[in-house]
2 protein chains.
Amino acid sequence: MLSRRAFLATSAAAVIPRRAWSTRGQPSSGSVGVDAWRLRARLERLSLFGRPDGGSFGSGVSRVAYSDADLAARTWLLSEIAAAGLTPRIDPAGNVFARWAPSGTSPDRPAILFGSHIDSVPNGGNFDGDLGTLSALEVVESCRATGITPRHPWELVVWAHEESTAFGRGTAASRIVAGDLQAGDLDQAWNGLKRADAIRRLGGQPDRIEEAVRKAGHWRAYVELHIEQGGTLEKGGVTIGTVDGIVAIHRYDVMVTGFANHAGTTPMNERRDALLAASRLVVSVREAVTARPGRHVGTVGRLEITPNSPNVIPGKVSMSVELRDLSETVLKALAADIQQRAAAIAADTGTDITFQLASRNPPALAHEAVQRAIDRAAERSGLGATHLPSGAGHDAQMIAALCPMGMIFVPSIGGISHSPLERTTWEDCAHGASVLAATILQLDASDTIV
Amino acid sequence: MLSRRAFLATSAAAVIPRRAWSTRGQPSSGSVGVDAWRLRARLERLSLFGRPDGGSFGSGVSRVAYSDADLAARTWLLSEIAAAGLTPRIDPAGNVFARWAPSGTSPDRPAILFGSHIDSVPNGGNFDGDLGTLSALEVVESCRATGITPRHPWELVVWAHEESTAFGRGTAASRIVAGDLQAGDLDQAWNGLKRADAIRRLGGQPDRIEEAVRKAGHWRAYVELHIEQGGTLEKGGVTIGTVDGIVAIHRYDVMVTGFANHAGTTPMNERRDALLAASRLVVSVREAVTARPGRHVGTVGRLEITPNSPNVIPGKVSMSVELRDLSETVLKALAADIQQRAAAIAADTGTDITFQLASRNPPALAHEAVQRAIDRAAERSGLGATHLPSGAGHDAQMIAALCPMGMIFVPSIGGISHSPLERTTWEDCAHGASVLAATILQLDASDTIV
């Protein structure tokens with residue numbers, strides 16, 4: 001690691017120049033610089049919770065929502081928020097909110113919300129969620145230290161359970177805030193834990209869960225800083241990504257049914273091999289996806305064979321097909337193409353292939369005004385910015401239903417994420433925090449977002 | 001199911017005609033008829049051990065070696081053997097032997113061994129192994145009831161762990177008898193069970209395991225009746241298959257290494273998808289196998305992905321490639337072809353593909369004199385016979401190293417095996433037992449097998 005001196009030297013560019021912000025005729029909000037060193041120290045500290053045995057920063061983290069590691073990390077973070085002079089509040093769904101509305105701020109204006117999450121996938125990285133969460137705290141502290149008085153209340157958020165590792169897809173706590181909760185959802189079980197009890201572990205109140213729901217217009221805007229988790233920014237040599245929107249995700253459960261039989265006694269021409277059909281389908285998914293120009297992606301990430309024994313011809317294969325794009329029209333066309341190819345494979349291999357839409361996340365477009373604010377913030381910080389979609393899901397996707405939303409991306413080295421090898425330079429972490437601060441200040445300066 | 005009367009009517013042909021056996025100038029051994037009804041009743045009774053909940057005969061069985069179901073079935077079978085007047089003995093490896101050498105039999109002649117196994121694959125069928133085992137008992141009982149005095153001792157065997165489900169390939173107990181046991185083999189673990197302890201469960205004595213080894217010449221001959229497990233006999237309308245030999249099996253463990261990454265944020269052209277590479281390899285294995293004329297087969301029956309999550313590009317795939325033919329030269333050429341195709345796939349997908357020979361079973365040819373005895377037995381029973389290789393492995397493969405070996409096949413309906421749908425008609429079961437009896441009587445009648 002760099003010495004503190006070397007680090008501060010390399011990260012100097014990350015600190016917003018101490019000159020006045022002039023935003024659309026508003027009076028200057030004063031100058032603000034984020035403390036890149038404090039941000040780094042907090043990222044390193046947070047990485048202790050859920051760190052693998054014998055690891056160090058950069059060894060990744062297993063901090064699955066509702067786990068002991070998650071609870072311990074939240075306790076530490078609540079104390080950091082309190083030490084920064086804010087009063088954290090846990091909503092009934094387990095999300096942490098902390099409002100900053102000092103004297104001089106209009107308490108009746110809708111708050112500007114920003115933050116991220118600190119839960120991780122198993123064997124995840126040290127930046128996914130952590131950077132956006134700790135940067136949000138850094139932004140409030142820096143602005144307060146600079147003597148800024150916000151016009152709107154600012155609200156920090158730490159979303160619970162963003163990764164949806166526990167209780168499966170569609171169980172992120174931000175969904176509850178957006179009003180997406182069905183009867184019986186809190187009775188779901190995961191590793192013997194009921195979802196209601198999991199929320200209680202975080203200090204939430206499942207019995208009053210409906211009080212966590214917010215109406216559209218409750219917040220003025222929501223902004224989230226996050227690592228890109230892809231390689232576009234790094235390849236383009238660009239520091240800041242302005243997110244156009246979060247892609248839609250259509251996930252299919254595919255069942256391939258052949259006939260299990262003895263691998264030694266069944267001639268090749270009498271086989272109805274479910275794995276052969278599934279393998280041809282995996283190849284076809286890639287062919288269908290790459291045959292069409294665009295930024296959409298398609299993945300077979302899960303595949304399970306029955307009986308899965310070297311000496312038995314596979315009788316059944318269950319597999320996932322996941323498609324992502326900003327346009328659901330593209331996703332539907334892709335799925336139709338893939339299903340047509342699957343029908344031909346089924347006929348050719350004597351198998352049956354069925355598709356079931358297992359989950360459908362609609363796209364969430366970032367608000368154009370928030371995108372413009374991010375672009376301008378990057379420009380004024382002397383940083384290049386480019387527009388790109390988010391291929392990954394984020395809490396911002398849910399909150400886009402409630403208020404104008406925007407996301408700021410910083411580069412992921414090698415595009416690696418959901419892995420202990422996930423990396424973002426300290427400089428880019430600080431750049432991201434700076435641009436977040438500048439974006440919030442810009443949004444704060446205007447009374448409407450159009 | 002058939003009524004007893006209807007059954008006996010349909011299976012009448014299965015009973016060896018009650019006329020004298022005249023074998024190569026030997027005095028007639030008397031006439032013998034197997035009790036088709038008793039055989040059926042025992043097959044039905046045995047099917048209770050490991051039967052799925054709510055199932056009936058024909059619902060298949062999960063009677064993995066060393067399991068509770070296997071132990072219970074062995075206990076029942078030991079009592080049946082004892083009730084038939086034989087004294088079962090469990091060898092140090094857990095195999096059951098029962099010798100029949102009544103007064104008048106030369107105890108110094110090497111015994112003629114026959115039998116099979118009663119363990120199953122998970123969700124296996126009700127005939128694989130069971131038929132040969134219970135027919136062997138039936139043969140002894142029928143011959144004894146007919147007043148036959150064998151010239152050689154006859155020895156019944158119930159091999160332990162034929163399917164090699166537990167502890168993996170190459171751990172069948174008949175291998176130990178053939179002397180194929182390496183240091184450390186008994187320390188292997190499976191589901192938390194040490195192999196030595198598994199053998200102890202069966203009443204074996206792992207501390208005296210070397211006493212289970214038999215020298216070449218210990219037995220005069222070994223004959224095993226088994227279902228074909230393929231569709232050749234049924235398609236040809238032939239009742240009896242005389243096995244030429246058991247194919248060689250070469251099994252490879254293949255490891256495909258790509259790079260696990262986020263399924264939403266990694267563009268298609270930057271992926272190193274281990275499942276895509278593995279899928280192309282599955283297709284290539286089939287192409288390589290079918291490109292070459294012959295009766296060889298090739299199967300990918302096991303495939304496991306890491307991390308196996310719908311939203312993560314697979315980073316690793318571990319899979320089996322199994323090749324079978326009577327000729328090992330063919331198998332080597334096939335493996336070379338497949339590895340060449342794999343190298344091209346690896347280069348094309350940015351993955352690494354490695355092959356490791358996990359196990360190699362050499363072919364085992366059936367002894368010509370035993371084949372002739374089977375042919376003659378079928379002919380004298382008025383049943384058609386044809387010659388064919390066994391694509392499946394059998395204990396006979398191991399015992400072929402110790403004495404002349406032969407196998408009798410009866411038809412599998414639809415060629416289905418290792419499946420609850422495994423079926424052989426009751427008539428064919430009885431035909432098989434009759435031909436087994438007649439074959440043993442023929443071998444018994446001569447002093448040498450050349």
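Reckoned from all heavy atoms, side chains included, excluding hydrogens, waters and symmetry mates. In the text below, chain A, chain B and the rest are named by the order of the sequence lines, each starting its count at 1.
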Ranking A:Thr290, A:Ile313, A:Val300 by heavy-atom pairs under 4.5 Å to chain B gives rank one to A:Val300
Interface moiety of A:Leu421 toward chain B, non-hydrogen atoms closer than 4.5 Å | side chain
So which of B:Leu281, B:Leu275, B:Asp128 has the biggest tally of heavy-atom pairs under 4.5 Å with chain A?
-> B:Leu275
Examine whether an atom of A:Pro310 lies under 4.5 Å from a heavy atom of chain B, and if so say whether it belongs to the side chain, the backbone or both; otherwise answer neither.
-> both
Which one, B:Ser164, B:Pro307, B:Ser412, B:Ala263, leads in non-hydrogen pairs under 4.5 Å with chain A?
-> B:Ala263
Less than 4.5 Å apart, any side-chain heavy atom of A:Arg280 and any of B:Val283?
-> yes
Hey, are the side chains of B:Leu303 and A:Leu303 touching, using non-hydrogen atoms and a 4.5 Å cut-off?
-> yes
Can you tell which of A:Met319, A:Glu422, A:Arg295, A:Arg286 has the highest number of heavy-atom pairs within less than 4.5 Å of chain B?
-> A:Arg286
Pairs satisfying salt bridge (Lys or Arg N to Asp or Glu O under 4.0 Å), at least one member in residues 256-276 of chain B, at least two apart | A:Lys235-B:Glu270
Listed once per pair and sorted, the side chain to side chain donor-acceptor pair (under 3.5 Å) pairs that draw on residues 311-324 of chain B, sequence neighbours left out = B:Arg251-B:Glu322, B:Arg302-B:Ser318, B:Ser309-B:Asn311, B:Glu322-B:Arg324
Under 4.5 Å to a heavy atom of chain B? For A:Val289 that would be side chain
Pairwise ring pair (Phe, Tyr, Trp, His ring centres under 6.0 Å) hits with a residue in residues 258-290 of chain B, at least two apart = A:His418-B:His262
Distance-minimising heavy-atom pair for A:Ala260 and B:Ser419 = O-CB, 4.3 Å
Who among A:Asn269, A:Asn308, A:Val321, A:Val312 has the most heavy-atom pairs with chain B under 4.5 Å?
-> A:Asn308
Minimal non-hydrogen separation, A:Pro267 against B:Val297, with atom names | CA-CG1, 4.3 Å
Quick one: what part of A:Ile305 sits under 4.5 Å from any heavy atom of chain B, side chain, backbone, both or neither?
-> side chain
So which residues of residues 391-398 of chain A are in contact with chain B at a heavy-atom cut-off of under 4.5 Å?
-> A:Gly391, A:Ala392
